[in-house]
Amino acid sequence: MTDITATKAVTLSEVAARAGVSIATASKALNDRGDVAAKTRARVLAVAEELSFTPNAMARGLLAGRTGTVGLLTSDLEGRFMLPILMGAEDAFGAGRINVFLCDARGDAIREQHHLRELLSRRVDGIIVVGRQTDPRSSLGQSIPVPVVYAYAPSDDPRDLSLTPDNVAGGRLAVEHLLSCGRTRIAHVNGDPSYAAAQDRLTGARQALADAGLELIGDPMFSEWTEHWGRDATALLLQQHPEIDAIFCGSDQIARGALDSARDLGRAVPDDLAVIGYDNWEVLAENSRPELTSIDANLQQLGRLAAKKVFEAIDGTDIGSGVRYLPVRLAIRGSTIAHR
């Protein structure tokens with residue numbers, strides 16, 4: 001005959017009652033929360049062991065007041081910059097067995113508010129807001145009942161935590177690399193001047209040149225983030241300033257156009273002219289002729305760090321506030337250093 005009492009699952013309320021504490025205190029003790037006295041925790045753990053109380057993983061999450069879900073709210077799911085950020089975040093969440101609700105607001109504020117309400121109605125434990133560009137965006141506000149971290153596009157509220165690539169440092173790094181290759185007559189071709197990223201990259205480039213006692217050759221050229229603009233701007237620059245020995249481009253697409261015009265005009269890259277891009281879009285950079293040196297914004301790492309900060313905030317850790325500028329890196333290829 002089967003002993004029914006031996007197979008009956010012990011509930012949290014039974015553990016709490018036997019230990020003489022509330023259900024909430026029993027939950028905190030079993031989940032090793034720091035706001036429970038040591039003697040109380042020991043008593044609850046002893047009772048749980050005595051009663052063979054073993055909550056499963058889902059039960060632990062519920063006892064801790066969590067759902068095991070996080071919202072990823074983006075404004076441009078089709079954007080090439082968003083995908084590596086989301087991949088990095090989801091990698092980190094996967095390691096922690098967190099379910100992710102992905103919402104694309106398509107740059108529409110009303111749609112974003114709708115998605116936000118939906119995420120909160122599903123009782124997500126935290127939210128990562130991913131912008132489409134590095135310009136500041138409107139904060140979701142301070143009344144959100146769960147932790148919120150902003151990635152790529154920083155919040156305009158300094159009380160929020162925002163993580164974004166350091167584009168000023170990226171501009172410096174690009175020009176410092178060109179200088180290290182012996183280039184001193186450097187021009188700059190960039191994208192839309194209304195983008196913070198374009199202005200920041202120019203600022204960094206000018207800082208590096210000023211440190212070396214140099215200036216840009218010609219005025220910085222702004223227009224579109226396209227190969228077509230890169231071709232046109234480079235052709236004009238080389239016509240007006242044939243002495244140019246390097247071009248720092250604000251994106252890899254612009255740099256691909258620069259390579260085309262250099263080849264059309266008989267300027268050997270990198271012997272006569274060095275070209276460096278930005279973003280390290282590998283499918284583009286590695287298929288250029290020659291392969292394109294570029295600045296990598298480490299977007300997957302940015303996504304992983306955003307997820308880590310959400311984890312920390314959910315666990316009650318103070319993750320701080322303000323904008324944190326994350327380091328970028330240099331990916332060297334044949335457009336600045338020739339293969340021998």
Side-chain angles (χ1 to χ4, degrees), residues 2-73 88-103 116-129 140-151 159-163 303-322 324:
T2 302
D3 184 354
I4 297 177
T5 60
T7 59
K8 180 181 178 182
V10 177
T11 66
L12 177 64
S13 61
E14 290 175 308
V15 173
R18 179 74 67 89
V21 297
S22 68
I23 294 177
T25 298
S27 171
K28 293 177 181 179
L30 291 168
N31 284 279
D32 199 25
R33 292 281 294 275
D35 49 352
V36 178
K39 289 184 178 180
T40 302
R41 175 179 289 105
R43 185 166 73 252
V44 172
L45 293 176
V47 170
E49 183 177 359
E50 177 187 343
L51 298 179
S52 299
F53 177 73
T54 54
N56 58 30
M58 178 62 77
R60 288 185 187 275
L62 293 174
L63 293 177
R66 303 174 188 169
T67 61
T69 59
V70 169
L72 288 178
L73 182 58
E90 288 192 303
D91 285 346
F93 287 140
R97 299 180 182 179
I98 299 293
N99 294 314
V100 178
F101 290 127
L102 179 59
C103 301
L116 176 60
R117 287 191 296 269
E118 285 294 313
L119 290 172
L120 294 177
S121 72
R122 292 175 179 269
R123 299 180 59 242
V124 295
D125 297 322
I127 297 174
I128 295 178
V129 181
L140 295 181
Q142 300 304 309
S143 61
I144 306 298
V146 298
V148 179
V149 173
Y150 295 79
R159 294 174 292 179
D160 295 322
L161 174 63
S162 303
L163 307 174
R304 283 191 288 269
L305 181 58
K308 179 176 180 288
K309 290 302 178 182
V310 168
F311 279 137
E312 292 176 357
I314 291 172
D315 285 337
T317 301
D318 182 3
I319 60 173
S321 59
R324 299 187 190 178

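Side-chain atoms of V124 and V70, non-hydrogen and from C-beta on, never get closer than 4.5 Å to each other. Within the 4.5 Å cutoff, the side chain of R324 has no heavy atoms near those of the L305 side chain. L116 has its side chain within reach of I144: a pair of non-hydrogen atoms, C-beta onward, lies under 4.5 Å apart.
With rounding to the nearest 0.5 angstrom, the CZ atom of R117 is 11.0 Å from the CG atom of L119. Atom CD in E14 sits 7.0 Å away from atom CG in L51 (nearest 0.5 Å). Here T317 contributes atom OG1 and K309 contributes atom NZ; the two are 8.5 Å apart, rounded to the nearest 0.5 Å. Between the CD1 atom in I127 and the CG atom in L120 there is a gap of 5.0 Å [rounded to 0.5 Å]. For the atom pair OG1 of T69 and CZ of R123, the computed distance is 8.0 Å after rounding to the nearest 0.5 Å. How far CG of L161 is from OH of Y150: 10.5 Å, rounded to the nearest 0.5 Å.
In this structure, the side chain of D125 engages the main chain of G68 through a donor-acceptor pair within 3.5 Å. Side-chain N or O atoms of R43 include one that pairs as donor or acceptor with a backbone N or O of A19 at under 3.5 Å.
Ionic pairing of E312 and K308 is present here: one or more N-O contacts between side-chain nitrogen and carboxylate oxygen are shorter than 4.0 angstrom.
L45 approaches A29 most closely through the heavy-atom pair CD2-O, 4.2 Å. The minimum heavy-atom distance between A89 and A307, with the atom names listed, is O-CB, 3.8 Å. The two atoms that bring G88 and R304 nearest to each other are O-CG, 3.0 Å, heavy atoms only. For the pair G126 and I314, the tightest heavy-atom approach, listed with the atom from each and the gap, is N-CD1, 4.4 Å.
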Requested in this report: Assess whether side chain to side chain contact (heavy atoms under 4.5 Å, CB included) is satisfied between V148 and V129, documenting all intermediate values.
Outcome: CA-CA 7 Å; V148 179; V129 181; 3.8 Å; yes
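Within 6.0 Å of CD in E50 there are more than 12 heavy atoms belonging to other residues, nucleotides or ligands.
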